[in-house]
Amino acid sequence: MDYRFDTKCIQSGYQAENGAPRTLPICQSTTFQYDDADALGLLFDLKAEGHMYTRISNPTVAAVEAKIADLEGGVGAMLTSSGQAATFLAVFNICSAGQNFISCNNIYGGSINLFSVTLKRMGIEVRYVRDDMTDEEIDALFDENTRLVFGETIANPALSVLDISRFAALAHRHGVPLVVDNTFATPCLCRPFEHGADIVTHSTSKYMDGHANVLGGVIVDGGAFDWAASGKFPELTEPDESYHGVVYTESFGKAAYITKARVQLLRDFGATPMPLGAYLLNLGLETLHLRIRRHSENALAVARFLQGHEKVLWVNYPGLEGGKYHEIAQKYLPDGASGVVSFGVKGGRAAAMHLMNSLKLARIVTHVADARTSVLHPASTTHRQLTDAQLAEAGIGPEFIRFSVGIEDVRDILADLGQALDQI
Ligand SMILES: *Cc1c(COP(=O)(O)O)cnc(C)c1O
């Protein structure tokens, strides 16, 4: 049976057999036993399917991976210990020293650090593009060593919306895949594979978990990209000596990319989630469809309230009529634009700080995208090291507030915002 999305949130992944536990069991074991030495040997040669060591795979983790692959519409998924690990492994799986990749510039700050500083140390160069550049300008940044294009469906914290089909076309013209960080949208609001993306990543620490209880990440393989066509991905199309010469595209077909990420990179880097963490993530996924709709409704109400408020300078929310990304959000996010709103208050940094300190329900945390309403002032926290001039360049003025709208009763959220604005 092919179920609808909301049913999949609950039913996909773990399938209980006759007499087995009804809910996903936590297989909190590092290892798995075999009666026959040859059987284990076949696993090591990737000639048989099965679990051998939890660093590479585990039944609890595998069930959650299967659910997320199903939700995104991919052929396979791999959970990681954090979203950062997912982003790193997604890029490093197909990009080596001496090569480069194209990335949108308005992405998550942690991804910018990873790309600009750490990958650079590994000999991998990032080339940033703005979404207002023409196709010709972006085309000109590709060369024969370019291996992928990276962007975020709804960027954190810029809240820009990626024109996925446009960037997929640009990438495909050069024989390389489009990798999309779909953290803020979740597959409930946008499924990037349906618009031409090839690989999807997430920080599951945000809406997927939803409770702010467990860090995690995931990479999902869409299975449609032809790795052999361009000759640019020998790591997938030529023998891997660390597995007796296995060729991923030949042995694993559509799942070549995600299989290599697991058996080679998870094996070597060990950025593996705990089975207990995967279990907690699954609890979150069971209500994702309900929560994300409420987040989107509440956030739209907050954005409209702020837009009409005399002490507010500007409001940015992709679901808000008249905004820069509203039209593109209609295409990619027809069911809601997720839960994060940014805005600026009149009176600059001092007014912003005063507002933050006056909020009661909304708490100041270094997190977004969970059930509780929270607020962050990037200029004094995540972007603290920058001068006001540098902040302006990054599009983050001293008055900029990132407001993560939770799933409480929206009347309480609006009342809290209202009383805090009154105090400025
Ligand atoms: C938080 C976040 C990440 C990093 O995820 P962690 O789980 O914190 O490592 C990556 N991308 C986006 C869009 C995020 O919001």
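In each ligand, atom 1 is the first atom listed, and ligand 1 is the first ligand listed.
- Only one option out of Asp131, Asn316, Asn106, Thr153 pairs with Ser160 in a side-chain hydrogen bond (donor to acceptor under 3.5 Å, both in side chains); it is Asn106.
- Within the 6.0 Å centre-distance limit, the rings of Phe101 and Phe115 are counted as a close aromatic pair.
- For Arg130, the side chain to side chain contact (heavy atoms under 4.5 Å, CB included) partners at least two apart in sequence or on another chain are Asn105, Asp132, Met133.
- One finds the CG atom of Leu170 at 4.5 Å from the CG atom of Asp135 (value rounded to the nearest 0.5 Å).
- There is a side-chain donor-acceptor pair under 3.5 Å between Tyr128 and Ser116.
- Thr201 places no side-chain N or O within 3.5 Å of a backbone atom of Thr87 that could act as its donor or acceptor partner.
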Would you mind listing each N/O atom of ligand 1 next to any protein N/O under 3.5 Å, plus the distance?
from: ligand 1; atom 1: 5 (O); to: Ser203; atom 2: OG; distance (Å): 3.0
from: ligand 1; atom 1: 7 (O); to: Gly83; atom 2: N; distance (Å): 2.9
from: ligand 1; atom 1: 7 (O); to: Ser203; atom 2: OG; distance (Å): 2.8
from: ligand 1; atom 1: 7 (O); to: Ser205; atom 2: OG; distance (Å): 2.6
from: ligand 1; atom 1: 9 (O); to: Gly83; atom 2: N; distance (Å): 3.1
from: ligand 1; atom 1: 9 (O); to: Gln84; atom 2: N; distance (Å): 2.9
from: ligand 1; atom 1: 11 (N); to: Asp181; atom 2: OD2; distance (Å): 2.7
from: ligand 1; atom 1: 15 (O); to: Asn156; atom 2: ND2; distance (Å): 2.9
from: ligand 1; atom 1: 15 (O); to: Lys206; atom 2: NZ; distance (Å): 2.6

